[in-house]
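Excluded from the calculations below are hydrogen atoms, water molecules and symmetry mates; all remaining heavy atoms, backbone and side chain alike, are included. Naming convention: chains lettered A, B, ... in sequence-line order (proteins, then strands); numbering from 1 in each chain.
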Amino acid sequence: MNKAIATLAAALALQSGIVLADAYQVQNSSPAGTYKIDPTHSMVQFWVGHMGVSEFPGRFDAISGSFTVDAAHQEADKVSVEVPIDSLDTNFDKRNKDLLGPDFFNAKQFPTMTFTSTGVKMKNANEGTLTGNLTLHGVTRPVTFSLRHVGAGPDPWGGYRSGYVAKTTIRRSDFGMNYMLNGISDAIEVQLNIEGKRQ
Amino acid sequence: MAPMLLSMARETILWPSAAALAAMLLGLLLRDARFRPVVSAIATGAGFLVGYTLIYGTFAFPPIEPQGWLPALLAVNILIFSFDDLAGFSPKIRIALQGALSIAGSALILLPLFKTGFPALQLALSSLLWFGLWIALDGRNGPVLFPVAAGNAIVSATTGSTMLGQLGGVLAAVLGWQLAFNFPKSRIPLGHAGTAVAVTILAGLMLIGHAYAETAFIPSLLLLCAIPADLLGKHLSRNRKSLEMVICGALALVPVVIASAIAIRSYLAQEY
């Protein structure tokens, strides 16, 4: 009898433990405001086709910039991002060197990649498109990202944060990166994960 | 062979060789031998441009990147030094032009770096090396140029940039045919124009490799050590032309093989 009571008590304790620990949840407060990009919670990632057999990822670890969101005046929304090219990492030093050299990014000549928005169109509270000019490898081209607002709300340090995920596919040849198109795909998927701290 | 490797071989060797060979075979039909050095320059330039188009494929003026200046530099060199081969400049004018073009070529290639400061030392050194290479090899028929170009292709591809290595390979392929055409008997000599084209490509690629691709320094320096082989070979052969070419080529191969071995070893340490 005592054993049965002890088992029941243990089960209840476990159950209550699960209930007491709050689950992760998205904050749905208003994203309105001007934000400075938090580089430690933001990143640019890309995927590129390799020799027709795989899709290989890479990332840029450093990022800076800001964004302004005003749901009432969407035309005032703006995003500005700057990425140092030498923050590239593909998990292999030799490949990083190849990519940063004149074959691809030519980081000595073009040390930064920038994006400046020209328009944001939200079709609902969380999804929309972000249009702007991407400057990469010394060439500026218009690019449209699909945009998803992840959440917004207070952080534990008295600040206020908001975050977005933007995705697009660019063609590297549009930016003058034409080398080895037969071995490394022209189309590159790009994903921008941004978290900003309201100013 | 992997399709990508086959494609690279076609871009680097097959099509540039075909273009250069076609031009040189046409040159053999010329009755007036004075035009043959001009044909040699056109063949070298055409072969390189075919490879450049297939490998890099970007033509813009002004060029976006340093390698984009190579076609324009080739055209200027062919024009000026073809006139030299046909009409004959005085040595002083020729040297002055070679000096000016060495400085201009270096400056154009280093131009993007001027945004962050004036690379005075780099500009002075590269102009000097470019000019020195040109003076040492002017009018020679490639027993030294070919191995140095081949070595530069290997060193660039393994320690710097695959693309620059491929472009270096194009130059080596074209100069290889040029050498074959002129051994043992000189048929389509490089002349001043042909040397101008070959040196401009070689010096330009080496400079781009060092300024933008961090190509290994020691193997490149060893490649330059092959240049005096020309003078030494000339001295040892006692004016016997075909022997001179063999001795020059063999002497030049020593530092080139060492440089290539160092570069390949360093590459294999980080194999894909």
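Residues A:Lys108 and B:Pro112 are not in side-chain contact: their nearest non-hydrogen atoms beyond the backbone lie 4.5 Å or more apart. At a threshold of 4.5 Å between non-hydrogen side-chain atoms, the residues B:Glu11 and A:Asn182 count as touching. With a 4.5 Å cut-off on side-chain heavy atoms, A:Asn178 and B:Tyr56 do not count as touching. Between B:Thr162 and A:Phe104 the shortest side-chain heavy-atom distance does not fall below 4.5 Å.
Here B:Thr58 contributes atom OG1 and A:His137 contributes atom NE2; the two are 8.0 Å apart, rounded to the nearest 0.5 Å. The line from CZ of A:Phe110 to NZ of B:Lys115 is 6.0 Å long, rounded to the nearest 0.5 Å.
Taking a 6.0 Å sphere around CZ of B:Phe59, one finds it holds more than 12 heavy atoms contributed by other residues, nucleotides or ligands. By the neighbour-count criterion of 12 heavy atoms within 6.0 Å, atom CG of A:Asn91 is sparsely surrounded, having that number or fewer from other residues, nucleotides or ligands. Other residues, nucleotides and ligands contribute only 12 or fewer heavy atoms inside 6.0 Å of the CD atom of A:Glu55. For B:Trp69, the CH2 atom counts as densely surrounded, since its 6.0 Å shell holds more than 12 non-hydrogen atoms of other residues, nucleotides or ligands. No more than 12 heavy atoms of other residues, nucleotides or ligands lie within 6.0 Å of CH2 in B:Trp15, so this atom counts as exposed by the packing criterion. Summarising the local packing, CD of A:Gln25 is surrounded by 12 or fewer heavy atoms from other residues, nucleotides or ligands at distances under 6.0 Å.
Distance alone, capped at 3.5 Å, is enough to place a donor-acceptor pair between the A:Lys97 side chain and the B:Thr159 backbone. Judged by distance alone, with hydrogens and angles left aside, the side-chain atoms of A:Asp103 form no donor-acceptor pair with the main-chain N or O of B:Ser161 at under 3.5 Å. Remark: the backbone N or O of B:Ile64 is paired with a side-chain donor or acceptor of A:Gln109 at under 3.5 angstrom.
Taking both residues in full, the closest heavy atoms of B:Tyr212 and A:Asn106 are given as CD2-OD1, 3.7 Å, listed atom of the first, atom of the second, then distance.
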Would B:Met163 and A:Met180 count as a side-chain contact (heavy atoms from CB on, under 4.5 Å) if you check the C-alpha gap in whole Å, the side-chain angles of each, and the deciding distance to 0.1 Å? CA-CA 8 Å; B:Met163 180 183 69; A:Met180 220 181 260; over 6 Å; no
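Heavy-atom distances place the backbone of B:Ala211, and not its side chain, under 4.5 Å from chain A.
Ranked by non-hydrogen atom pairs under 4.5 Å with chain B, the options A:Pro102, A:Gly101, A:Gly183 are led by A:Pro102.
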